[in-house]
Amino acid sequence: MALIVQKYGGTSVGNPGRIKNVARRVAACRARGDQVVVVVSAMSGVTDHLIRLAKEIMPLPSEREMDVLLATGEQQTIALTAIALHALNVPAVSLTGAQAGIVTDGVHTKAKIHNLTPKKVHELLNQGHVVIVAGFQGETPEGQITTLGRGGSDLTAIALAAALKADLCQIYTDVDGVYTADPRIVPGARKLDEISYDEMLELASLGAKVMQSRSVEFAKKFGVVFEVRSSLNEHPGTIVKEETKNMEEVVVRGVALDKHQAKLTLVAVPDKPGVAAKIFKALGDAAVNVDMIVQNISHGAGTPQTDISFTVEKADLLKARKVIDGLKTGIGYGEVIVAEQIGKLSIVGVGMKSHSGVAGKLFETLANAGINIDMISTSEIKLSVVIDLARGEEAMKAVHAAFIG
Ligand code: ADP
Ligand code: ASP
Ligand code: MG
């Protein structure tokens, strides 16, 4: 008898028919004698819809109230999935994140799991139930409802698999696995049989939303091997695991495009010690994640001035803007320019550690397509460029063709 954690994403539970499909798959597993813990997301579109409703009332709603609101999406699906299993005569009980023992810090909308004590889950499994856990949510030790960041049901599943020492962790979604690029944008993208944690983590952080990046980080830390596969067929998926020697033979494992970044430029910032610290400390304190940062050469007489550009998630733009506006008198910069029409294109591969010429080839490919590069950042296994959003998909196809074929 194996203990299996299965996570079904928004599209996989997107309507009653799909929920019945999930129930059939879970029932089949259980009929083979396995214990099953099911993690579900909100039905597709529900979380976005709830966010829109709140923002119609107020552009920057309280994050505590957003968590109370958003957690309802997953709560609908756990009950519906339990009902679908009951309809097949399978005993099943739904649990909210809190009931499943998921305790988080108090950073609303992006909470981190502090500990997970799945006592209730064990009890219910031992009584013969399928346990259905609401993804994406937890609670603080004080009992406040929290959510784990967009795509956070992946994290719920991985964390439960680790805490329960599950034999298998499967992430069911609406594509056959992890591809060399988003198959909806690059028709020639290929499904990967396996990928290392580090590559998956980079791809996920750089816009491949097939997995939430924090969930991959968690999986790496606790050694949870997992499979990404389709809920709509029986095709084998992609195994995500520790890097193996032969993985380095491939230079570029995948290409990602992040369309959800925005760039802020602070013009004429006094170029003296402590200014950058003030700006980025204030953003950090407001839980705004800053990604790329570029500071220009300073100019001007007296106290020289410089321009500082950085990127943040579009979802954090209003919050970042508020922080920056609050620093205007203290720091004394000129103005803020916001660019929302940007795309961040990245190539990722552990093989980049041992191969040279990758940057040159990337820049040449973009130059040949007449696409201008606005910002560049690199790490050992990735290379990212910021380009015009309108050229993003075209650039992604060209870069995929150049590196992967
Ligand atoms: P779920 O609701 O199951 O969590 P998501 O929509 O969050 O599903 O993630 C699946 C989607 O991720 C796919 O439909 C696909 O368009 C997109 N995607 C982006 N990059 C990749 C990639 N490299 N491989 C597979 N899918 C990708
Ligand atoms: N429903 C949440 C979201 O849309 C969490 C998830 O789907 O994983 O972000
Ligand atoms: Mg997802």
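- At a threshold of 4.5 Å between non-hydrogen side-chain atoms, the residues Phe226 and Val5 do not count as touching.
- Judged by distance alone, the side chain of Lys328 and the main-chain N or O of Tyr333 form a donor-acceptor pair under 3.5 Å.
- Applying the side-chain hydrogen bond (donor to acceptor under 3.5 Å, both in side chains) test to every pair with at least one member in residues 36-55, sequence neighbours left out, gives these pairs: Ser41-Ser153, Asp48-Arg150.
- Closest approach of Val323 and Ala282 over heavy atoms only: CG1-CB, 3.6 Å.
- Using a 4.0 Å cut-off between charged nitrogen and carboxylate oxygen, Asp34 and Arg30 do not count as a salt-bridge pair.
- Counting non-hydrogen atoms of neighbouring residues, nucleotides and ligands closer than 6.0 angstrom, the NZ atom of Lys272 reaches no more than 12 such neighbours.
- Expressed to the nearest 0.5 Å, how far NZ of Lys7 lies from CG of Leu155 amounts to 11.0 Å.
- Classification of Glu194 and Arg253 as a salt-bridged pair fails, no side-chain N sitting under 4.0 Å from a carboxylate O.
- Counting heavy-atom neighbours within 6.0 Å of Lys112 NZ, excluding the residue itself, gives a total of 12 or less.
- Around NZ of Lys220, the count of heavy atoms belonging to other residues, nucleotides or ligands within 6.0 Å does not exceed 12.
- The shortest side-chain heavy-atom distance between Asp307 and Leu266 does not fall under the 4.5 Å cut-off.
- Ile404 is listed as a side-chain neighbour of Arg190, based on a closest heavy-atom distance under 4.5 Å.
- Val37 is listed as a side-chain neighbour of Val133, based on a closest heavy-atom distance under 4.5 Å.
- There is no side-chain donor-acceptor pair under 3.5 Å between Asp154 and Ser215.
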- Task: Apply the test salt bridge (Lys or Arg N to Asp or Glu O under 4.0 Å) to residues Glu393 and Arg184: give CA-CA distance (whole Å), side-chain angles for both, the deciding distance (0.1 Å), then the verdict.
- Result: CA-CA 10 Å; Glu393 295 197 357; Arg184 293 182 206 285; over 6 Å; no
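- Lys120 has a carboxylate O that lies under 4.0 Å from a charged side-chain N of Glu123, or vice versa, which qualifies the two as a salt bridge.
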- Would you please test Lys382 and Glu199 for salt bridge (Lys or Arg N to Asp or Glu O under 4.0 Å) and show each step? CA-CA 9 Å; Lys382 72 126 204 266; Glu199 289 168 326; over 6 Å; no
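- Here the closest heavy-atom approach between residue Ala134 and residue Thr156 is recorded as O-CG2, 3.9 Å.
- Around atom NZ of Lys314, more than 12 heavy atoms belonging to other residues, nucleotides or ligands sit under 6.0 Å away.
- A donor-acceptor contact shorter than 3.5 Å is absent between the side chain of Thr117 and the backbone of Lys119.
- With contacts defined as side-chain heavy-atom distances shorter than 4.5 Å, the pair Val386/Ile376 does not qualify.
- Judged by distance alone, with hydrogens and angles left aside, the side-chain atoms of Asp167 form a donor-acceptor pair with the main-chain N or O of Leu3 at under 3.5 Å.
- To the nearest 0.5 Å, atom OG1 of residue Thr365 and atom CD1 of residue Ile371 are 10.0 Å apart.
- Taking a 6.0 Å sphere around NE2 of His122, one finds it holds more than 12 heavy atoms contributed by other residues, nucleotides or ligands.
- Checking each of Val336, Thr311, Ile337, Ile308 against Leu264 for a side chain to side chain contact (heavy atoms under 4.5 Å, CB included) leaves exactly one that passes, namely Val336.
- Under the 4.0 Å criterion applied to side-chain N and carboxylate O atoms, Lys353 and Glu243 are assigned as salt-bridge partners.
- No side-chain donor-acceptor contact under 3.5 Å links Asp105 to the backbone of Ile113.
- Here the options are His108, Arg64, Glu139, the test is side-chain hydrogen bond (donor to acceptor under 3.5 Å, both in side chains), and the partner is Gln144; only Arg64 passes.
- Within the 3.5 Å criterion, the main-chain N or O of Phe136 finds no donor-acceptor partner in the side chain of Glu74.
- The shortest distance between side-chain heavy atoms of Val399 and Leu366 falls below 4.5 Å.
- Remark: Ile347 CD1 to Leu206 CG distance equals 11.0 Å, nearest 0.5 Å.
- Panel note: side chain Arg229, backbone Thr238; no donor-acceptor pair is recorded below 3.5 Å.
- Within the 3.5 Å criterion, the main-chain N or O of Val224 finds a donor-acceptor partner in the side chain of Tyr197.
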- Assess whether salt bridge (Lys or Arg N to Asp or Glu O under 4.0 Å) is satisfied between Lys344 and Asp291, documenting all intermediate values. CA-CA 11 Å; Lys344 185 168 72 171; Asp291 182 28; 2.2 Å; yes
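- At a cut-off of 3.5 Å, with distance as the only test, a side-chain donor of Gln170 or Gln6 sits close to an acceptor on the other residue.
- Checking Thr147 against Asp67 by side-chain atom types alone, a donor-acceptor pair falls below 3.5 Å.
- Taking NZ of Lys259 as the start and CG of Leu345 as the end, the distance is 11.5 Å to the nearest 0.5 Å.
- Thr146 and Thr104 share a side-chain donor-acceptor pair at under 3.5 Å.
- Using modelled atom types, one side-chain atom of Gln137 and one backbone atom of Gly97 make a donor-acceptor pair closer than 3.5 Å.
- Rounding to the nearest 0.5 angstrom, the gap separating the CG atom in Leu60 from the CE atom in Met66 is 10.0 Å.
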- Task: Walk me through it: do Gln261 and Asp258 pass the test side-chain hydrogen bond (donor to acceptor under 3.5 Å, both in side chains)?
- Result: CA-CA 7 Å; Gln261 297 273 317; Asp258 188 345; 3.2 Å; yes
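- Between Glu63 and Lys319, at least one side-chain nitrogen of the basic residue sits less than 4.0 Å from a carboxylate oxygen of the acidic one, meeting the salt-bridge criterion.
- Side chains of His400 and Thr180: a donor-acceptor N/O pair is present below 3.5 angstrom, by distance only.
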- Task: Tell me, with the steps shown, if Asp174 and Thr11 meet side-chain hydrogen bond (donor to acceptor under 3.5 Å, both in side chains).
- Result: CA-CA 6 Å; Asp174 56 4; Thr11 316; 3.1 Å; yes
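- When only modelled atom types and interatomic distance are considered, Ser196 and Asp198 share no side-chain donor-acceptor pair under 3.5 Å.
- Salt bridge annotation for Arg391-Glu394: present, with a cationic side-chain nitrogen under 4.0 angstrom from a carboxylate oxygen.
- Of the possible polar contacts, none joining the Thr265 side chain to the Val267 backbone as a donor-acceptor pair under 3.5 Å is found.
- Separating the CE atom in Met396 from the OG atom in Ser346 is a distance of 9.0 Å, to the nearest 0.5 Å.
- Salt bridge status for Asp316 with Lys322: absent, with no side-chain N to carboxylate O gap under 4.0 Å.
- Summarising the local packing, CD of Glu380 is surrounded by 12 or fewer heavy atoms from other residues, nucleotides or ligands at distances under 6.0 Å.
- Side-chain contact between His129 and Val90 is absent, with no heavy-atom pair separated by less than 4.5 Å.
- Pairs passing the ring pair (Phe, Tyr, Trp, His ring centres under 6.0 Å) check and including a residue from residues 162-196, sequence neighbours excluded, read Tyr8-Tyr172.
- When all heavy atoms are compared, the tightest approach of Leu116 to Ala100 is CD2-O, 3.9 Å.
- Judged by distance alone, the side chain of His355 and the main-chain N or O of Gly351 form a donor-acceptor pair under 3.5 Å.
- Side chains of Asp388 and Asn372: a donor-acceptor N/O pair is absent below 3.5 angstrom, by distance only.
- Cation-pi geometry between Lys263 and Phe310 is not met at under 6.0 angstrom from the ring centre and within 45 degrees of the axis.
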